[in-house]
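Data first, discussion second: the structure below is written as structure tokens.
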Amino acid sequence: MAERARAGGAPARPASYLNGLNPEQRDAVESIDGPLLVLAGAGTGKTRVLTARVAHILSQGRAYPSQILVVTFTNKAAREMKERIHSMVGDAVEGMPWLGTFHSIGVRILRRHYELVGLRSGFTILDTDDQIRLLKQLIAAENIDEKRWPARMLASAIDGWKNRGLSPENVSPGEGAAFAHGRGQMLYAAYQARLKALNAVDFGDLLLEGIRLFREHPDVLADYHKRFKYLLVDEYQDTNVAQYLWLRLLAQGSKNVCCVGDDDQSIYGWRGAEVDNILRFESDFPGAKVIRLERNYRSTGHILAAASHIIAFNEGRLGKTLFSDGETGEKVAVTGSWDSGEEARAIGDEIEALQRSGHALSQVAILVRASFQMREFEDRFVTLGLNYRVIGGPRFYERAEIRDALAYLRCVMSTADDLAFERIVNVPKRGLGDVAVKQIRDVARASGVPLQEAARLLAESEELKPKLRATLRGLVQSFDRWREQAGHTKHSELAEIVLDESGYTDMWQKDRSAEATGRLENLKELVRSMEQFENLQGFLEHISLVMDVDNGAAEDAVQIMTLHSAKGLEFDTVFLPGWEEGLFPHQRALDEQGKAGLEEERRLAYVGITRARLSARIYFASNRRIHGMWNSTVPSRFLDELPDAHVEVQESKGGFGWGGSGGGAYGASRFEKTEPFTSTYATPGWQRAQTARAASSDPSSRGGYGAGKGSGRGGPLVIEGTLLASSIGGESAFTAGERIFHIKFGYGEITGIDGNKLTVQFDKAGEKRVLESFVEKV
DNA sequence: GAGGTGGCGACCGAG
DNA sequence: TCGCCACCTC
């Protein structure tokens, strides 16, 4: 973070990137010849080492930027590394075309040699959604009951095989038999054949086909050996077998391969990651040097101690001892609350307090185990008027409107893209429903042509009723017209033309639902971002692999994300809600992976705690809604694994619940609550009573409950925010009867005004009370 | 063919 | 509880 080498060609002070490195880090940066494994604990400056190492290689003149391969797992990591290298060596980083995720580099390689693996130029990359639809068709064609053997299940099986580097012929018969009475392997083969026919690949193929390419064409591989003088791999503990094979093939050239990883942060076992890869490194690369980074620069003493203590419960680990010279700082706070709503309220209040004391919101993160936990916080923060940002979530590319728009463009680009055509023939609705599509498909099969050509044939035949025939002909002609325009129109303009003329934009403009505005916004964003690309092809690639929602990165907002996507990041203050058995550790991890699953969950806990620089705050709730039903929960076993000396147990600051428990009524497990929370007391009704009592007896307590959301949510309705409203006061800019738009609930009409709070009858969401600042006039 | 309704399973995690 | 899908009616 610190150094900023001003480099105009060559750095002014050649070794400035070495400033401030400790001896081990410096060793890792300078040992550039031969294989190197860096075991880097959390917060030990691993990214810093990687970037300084690249700077070192460049400044020593050992390689051109284009001769260094740097592989990361996430786009975020790739982006960050690019920025940091840039700040060290200046513009040279522009020429680092081989810095990216496994998948983006994989596709880059395939694009250069597509003909060698049986693909044609401009092949498309399917995502999970396309995959499922395709598999559904195959399953149906085999007359297999989709209810009993869902496509999703087959997709994950195939994914698993691909993660392990297995093509259909390599799947062991026993395993292949696991799906639909022995037809799994056959379906996998059929799926691959279908992909080839569609000129498409899925995510797994991006690596698998690369491996095949290297194996079957040694000359191509030799070429890459010559090209890549240095290889660097981030998060090595997360590589799966396919990634490992792919890497090993490439690394056999120069042998200057540097892998950085931490076995304690391996959290991707479920997608085939093999911690063994890290243990195997020394035998794979004889003479490999191993460097351990154990000095932690991130977290204060108590946090580090708590994390180290918890991870020590794992058995299968290489074992590292993290230490730091820093201050002991704040103890790790553990807070119990009555239910998930109170948990969200307590965290919201604490964040507001932090904000008041000048803490930047962007330095606060809430890390959840499962994404459904996020909603509660979003609801709460909308009510409080707290800026937040959800990281991860549904990706830009996965949104329906974006996928529709892209499908249109794919159809323009290629008449052979059946999946894209099927997706949009009847979007917007134009009367070409299931029956029509089936007819098109029949023609396609009979004449051996793609769907778009079949549609053309059908439109010219007498098969269809005149009205439908005209519609279909119109569509086919539109595509012909757009295709013709594509030759001489800027691609972003073409996209606008296509979206307008197809009636797609219109469809959303007519839609009055809450999401419609956002969708139109997204479409605009799509067109805008196209302008940065030279052609449609390059854009389509980028969006399927790289593009994520990254708007407003600079704004000051609380970050909400899963523990998985938090790896590699750090924050001053980290909130860790939902530490309950079944949720964390997650039941499915335990059921499916047993002890290994538990250990992976524990590593996830370790990752979570070590994200914090100054303050880590853990929460558990006694009641949580699962599948819509309230369940009482048991505190996570991980809470018991925290070291007493570094933990401070608190009561919920939410103001409610826990009312009578008097300073921690902990049972056998410190966190197992006793009397007031058993049997009859453990009901939402009792809780409501408690809440109401707390509110009435404590005038300073904030009317914490959100905006009348109590309706149907088990929360109290009585204590609504008069206090909050009157404390802020002021004239409202709105009048009753006005139409408004709310960012979360959509359109509605104002029925009442109370200070800065409005009562609104929403078109879709019913009556709610909302803060004025979240509402705009329409 | 479109739109509505009722039953059912999901809610773990990345590209 | 929510969203998806199959099934039903117009």
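Every value quoted in this text rests on a predicted model; they were computed, and no experiment measured them. All chains are named by letter (A, B, ...) in the order of the sequence lines, taking the proteins before the strands, and each is independently numbered beginning at 1.
- One interatomic measurement links the two molecules: CZ of A:Arg133 to P of C:dC5, which rounds to 11 Å at whole-angstrom precision.
- For A:Phe203, the ring pair (Phe, Tyr, Trp, His ring centres under 6.0 Å) partners are A:His103, not counting sequence neighbours.
- The salt bridge (Lys or Arg N to Asp or Glu O under 4.0 Å) check on A:Arg108 picks up nothing, with sequence neighbours excluded.
- Annotation: side chain to side chain donor-acceptor pair (under 3.5 Å) contacts involving residues 575-591 of chain A, sequence neighbours excluded, comprise A:Glu580-A:Arg624, A:Glu581-A:Arg637, A:Gln587-A:Asp591, A:Arg588-A:Glu592.
- A salt bridge is defined here as a Lys NZ or Arg NE, NH1 or NH2 lying under 4.0 Å from an Asp or Glu carboxylate O, and A:Asp202 with A:Lys162 meets this definition.
- By the 4.0 Å N-to-carboxylate-O rule, A:Arg603 lies too far from A:Asp263 to be salt-bridged with it.
- A salt bridge between A:Glu378 and A:Arg375 is absent, with no side-chain N of the basic residue lying under 4.0 Å from a carboxylate O of the acidic one.
- Taking atom CG of residue A:Leu126 and atom C1' of nucleotide B:dG15, one finds them 13 Å apart after rounding to whole Å.
- Across the protein-nucleic acid pair, A:Lys467 atom NZ and B:dG1 atom C1' stand 10 Å apart, rounded to whole Å.
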Contacts under 3.5 Å, N or O only, protein and nucleotides 2-7 of chain B:
from  : atom 1 : to       : atom 2 : distance (Å)
B:dA2 : OP1    : A:Gly431 : N      : 3.2
B:dA2 : OP2    : A:Asn426 : ND2    : 3.3

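- Atom CD of A:Glu235 is separated from atom P of B:dG15 by 12 Å (rounded to the nearest Å).
- In this structure, CG on A:Asn240 lies 12.0 Å from CH2 on A:Trp246, to the nearest 0.5 angstrom.
- If you measure from atom CG of A:Asp234 to atom C1' of B:dG15, you get 15 Å, rounded to the nearest angstrom.
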* Under 4.0 Å protein heavy-atom contacts per nucleotide of nucleotides 8-14 of chain B, with B for base, S for backbone only and - for none -> --BBBBB

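- Listed by first and then second residue, the side chain to side chain donor-acceptor pair (under 3.5 Å) pairs involving residues 420-433 of chain A are A:Gln137-A:Glu422, A:Asp404-A:Arg423, A:Tyr408-A:Arg430, A:Glu422-A:Arg441 (not counting sequence neighbours).
- Residue A:Lys162 is out of contact with every strand shown, counting any heavy-atom pair closer than 4.0 Å.
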